[in-house]
Novice: 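Handing you a structure now.
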Amino acid sequence: MTESVRRPGLDAEGYLVREGSLTRVTDEFRPVVAAARERLPELLGTRLHSAYLYGSIPRGTARVGRSDFDLLLALREEPSDADREAVRSFGEAFDEEFPQIDGVGTLLYGRDRLLSDLERYDMGWFVACLCTPLLGPDLAKHLPRYRPDSLLARETNGDLARLLPRWRERIRRTAGTEEALRPLVRFMSRHLVRTGFTLVMPRWHGWTSDLREMAGAFGAHHPGRAAQMRRAAEYGYEPVGDPDVLRSYVDDLGPWLAAEYARAHGVKAPRPEDL
């Protein structure tokens, strides 16, 4: 049953609201945002339909020298290998130029894919609710409003079981040094916390992108796993390069969470790249 308490992230009618805004970008990151707005059209030309920021920078919670610069780029056509290479090179150079950021993460999609029925409750929702428009026409105008329901939970994070074998392979291929493992711990910690949160999101009835708040919401419904999720939230902010943490994710917490997710919400529809 949905809780009666009013949660953050919803409007008066119970729909999710867009969480970021360019007005929330702090002074330290404004030159970075301005440079991206200027250079992305030069990088992709008329192929670029629109560009969006997401993550801590448009939420106003970014930490100087610690936070990623996260972009979603929508192209007028499906991205090519040349597009992906251009964006990869751009990200490396951009990260090197601006010490305020710690890495550039860029999602690259075709406009039609983002607006497709298949992506309506995954990447479509992501654009409409978690992305802040930076350049071009806003695709959110073509997307529905969203509620924090079981359908959204299934289509956003109901693919953990398919991801776990890839994670194990990625761990196997990663050098065992603390420096090499730390980014992997950060990535997997964040993914698991967000998946744990969306597992209980329909009952929590709201939205947050704060990892600690996500872990708290999860723990209220799954107290036996609460301590694990709280630790994962901390590692999402301050990762350690510990192989035992990664093993616990792919051998214990991850498989349990995938099974519980499938039981509660079902399994996410496969994408073409999954087939």
Side-chain angles (χ1 to χ4, degrees), residues 3 55-56 66 68 70 102-103 105 121-122 126 130 148-271 273-275:
E3 297 180 5
S56 60
R66 305 295 295 275
D68 297 342
D70 294 315
D102 182 21
Y121 289 89
D122 186 13
F126 186 79
L130 301 190
D149 57 18
S150 186
L151 172 60
L152 186 62
R154 185 188 76 213
E155 290 304 306
T156 52
N157 286 304
D159 58 349
L160 183 57
R162 287 200 295 268
L163 294 177
L164 287 172
R166 302 176 202 172
W167 286 14
R168 294 187 183 100
E169 178 63 16
R170 188 171 172 185
I171 292 168
R172 190 187 69 80
R173 292 175 176 271
T174 301
T177 65
E178 183 175 358
E179 182 180 7
L181 292 176
R182 195 180 299 117
L184 207 52
V185 168
R186 181 175 183 267
F187 163 74
M188 291 184 185
S189 297
R190 291 185 167 211
H191 194 107
L192 289 173
V193 173
R194 289 167 180 153
T195 302
F197 171 70
T198 51
L199 171 66
V200 303
M201 176 182 65
R203 287 182 283 172
W204 197 73
H205 196 61
W207 178 263
T208 177
S209 285
D210 182 278
L211 296 178
R212 295 184 180 99
E213 192 171 16
M214 285 181 162
F218 167 86
H221 294 283
H222 297 279
R225 294 280 180 170
Q228 283 180 293
M229 200 63 79
R230 285 196 302 269
R231 283 194 296 271
E234 294 305 319
Y235 292 149
Y237 289 121
E238 302 291 344
V240 295
D242 186 345
D244 289 339
V245 172
L246 294 172
R247 280 192 288 271
S248 74
Y249 287 170
V250 298
D251 294 338
D252 179 33
L253 181 58
W256 174 86
L257 186 55
E260 186 66 17
Y261 217 99
R263 184 195 66 77
H265 303 302
V267 177
K268 180 178 180 176
R271 275 36 182 178
E273 55 269 23
D274 297 323
L275 300 175

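One-based numbering along the sequence shown. None of these values were measured; they are calculated from a predicted model.
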Novice: Should the pair Arg271-Asp159 be classified as a salt bridge under the 4.0 Å nitrogen-to-oxygen rule?
Specialist: no
Novice: Quick one: pull up CZ in Arg263 and CD in Glu260 and give me the separation to the nearest 0.5 Å.
Specialist: 4.0 Å
Novice: One thing to verify: whether Arg186 and Asp68 come together as a salt bridge, which I'm taking to mean a side-chain N less than 4.0 angstrom from a carboxylate O.
Specialist: yes
Novice: Rounded to the nearest 0.5 Å, what separation is found between the OG atom of Ser189 and the OH atom of Tyr237?
Specialist: 12.0 Å
Novice: Give the intermediate values and the outcome of side-chain contact (heavy atoms from CB on, under 4.5 Å) for residues Ile171 and Arg247.
Specialist: CA-CA 9 Å; Ile171 292 168; Arg247 280 192 288 271; 5.9 Å; no
Novice: Is it true that Glu169 and Arg172 make a salt bridge, defined as a side-chain N closer than 4.0 Å to a carboxylate O?
Specialist: yes
Novice: If we only count heavy atoms from C-beta on, is the Ser248 to Gln228 side-chain gap below 4.5 Å?
Specialist: no
Novice: Between Tyr261 (side chain) and Ala153 (backbone), is there a donor-acceptor pair under 3.5 Å?
Specialist: yes
Novice: Just verifying a value: how many Å separate His222 NE2 and Leu257 CG, rounded to the nearest 0.5 Å?
Specialist: 8.5 Å
Novice: Between atom CG of Asp149 and atom CZ of Arg154, what is the distance when rounded to the nearest 0.5 Å?
Specialist: 9.5 Å
Novice: Please lay out, stage by stage, how Leu192 and Leu160 fare under the test side-chain contact (heavy atoms from CB on, under 4.5 Å).
Specialist: CA-CA 9 Å; Leu192 289 173; Leu160 183 57; 4.0 Å; yes
Novice: Do NZ/NE/NH1/NH2 and the carboxylate oxygens of Glu178 and Arg182 come within less than 4.0 Å?
Specialist: yes
Novice: How far apart are the closest heavy atoms of Ala161 and Pro165, and which atoms are they?
Specialist: O-CD, 3.2 Å
Novice: Can any side-chain N or O of Asp242 pair as donor or acceptor with the backbone N or O of Asp244 at less than 3.5 Å?
Specialist: yes
Novice: Find out whether Met214 and Arg190 are in side-chain contact, i.e. whether some heavy atom of one side chain is under 4.5 Å from a heavy atom of the other.
Specialist: no
Novice: List the atom of Val185, the atom of Pro239, and the distance in Å for their closest heavy-atom pair.
Specialist: CG1-CB, 4.2 Å
Novice: Working note: Lys268 + Thr156, criterion side-chain contact (heavy atoms from CB on, under 4.5 Å); need CA distance, chi angles, decisive distance, verdict.
Specialist: CA-CA 7 Å; Lys268 180 178 180 176; Thr156 52; over 6 Å; no
Novice: If I take atom CH2 from residue Trp207 and atom CZ from residue Phe197, how far apart are they, to the nearest 0.5 angstrom?
Specialist: 5.5 Å
Novice: What is the minimum heavy-atom distance between Gly196 and Phe218, and which atoms define it?
Specialist: O-CD1, 3.3 Å
Novice: How many angstroms lie between atom CG of Leu199 and atom CZ of Arg225, to the nearest 0.5 angstrom?
Specialist: 12.0 Å
Novice: Show the nearest heavy-atom pair for residues Leu211 and Ala233, with the distance to one decimal.
Specialist: O-CB, 3.6 Å
Novice: Of the non-hydrogen atoms in Pro148 and Met201, which two are nearest, and what is the gap between them?
Specialist: CB-CG, 3.6 Å
Novice: Compare every heavy atom of Ala180 with every heavy atom of Pro183, then report the nearest pair and how far apart it is.
Specialist: CD-O, 3.4 Å
Novice: Run Arg168 and Leu164 through side-chain contact (heavy atoms from CB on, under 4.5 Å) and show every step you take.
Specialist: CA-CA 6 Å; Arg168 294 187 183 100; Leu164 287 172; 3.8 Å; yes
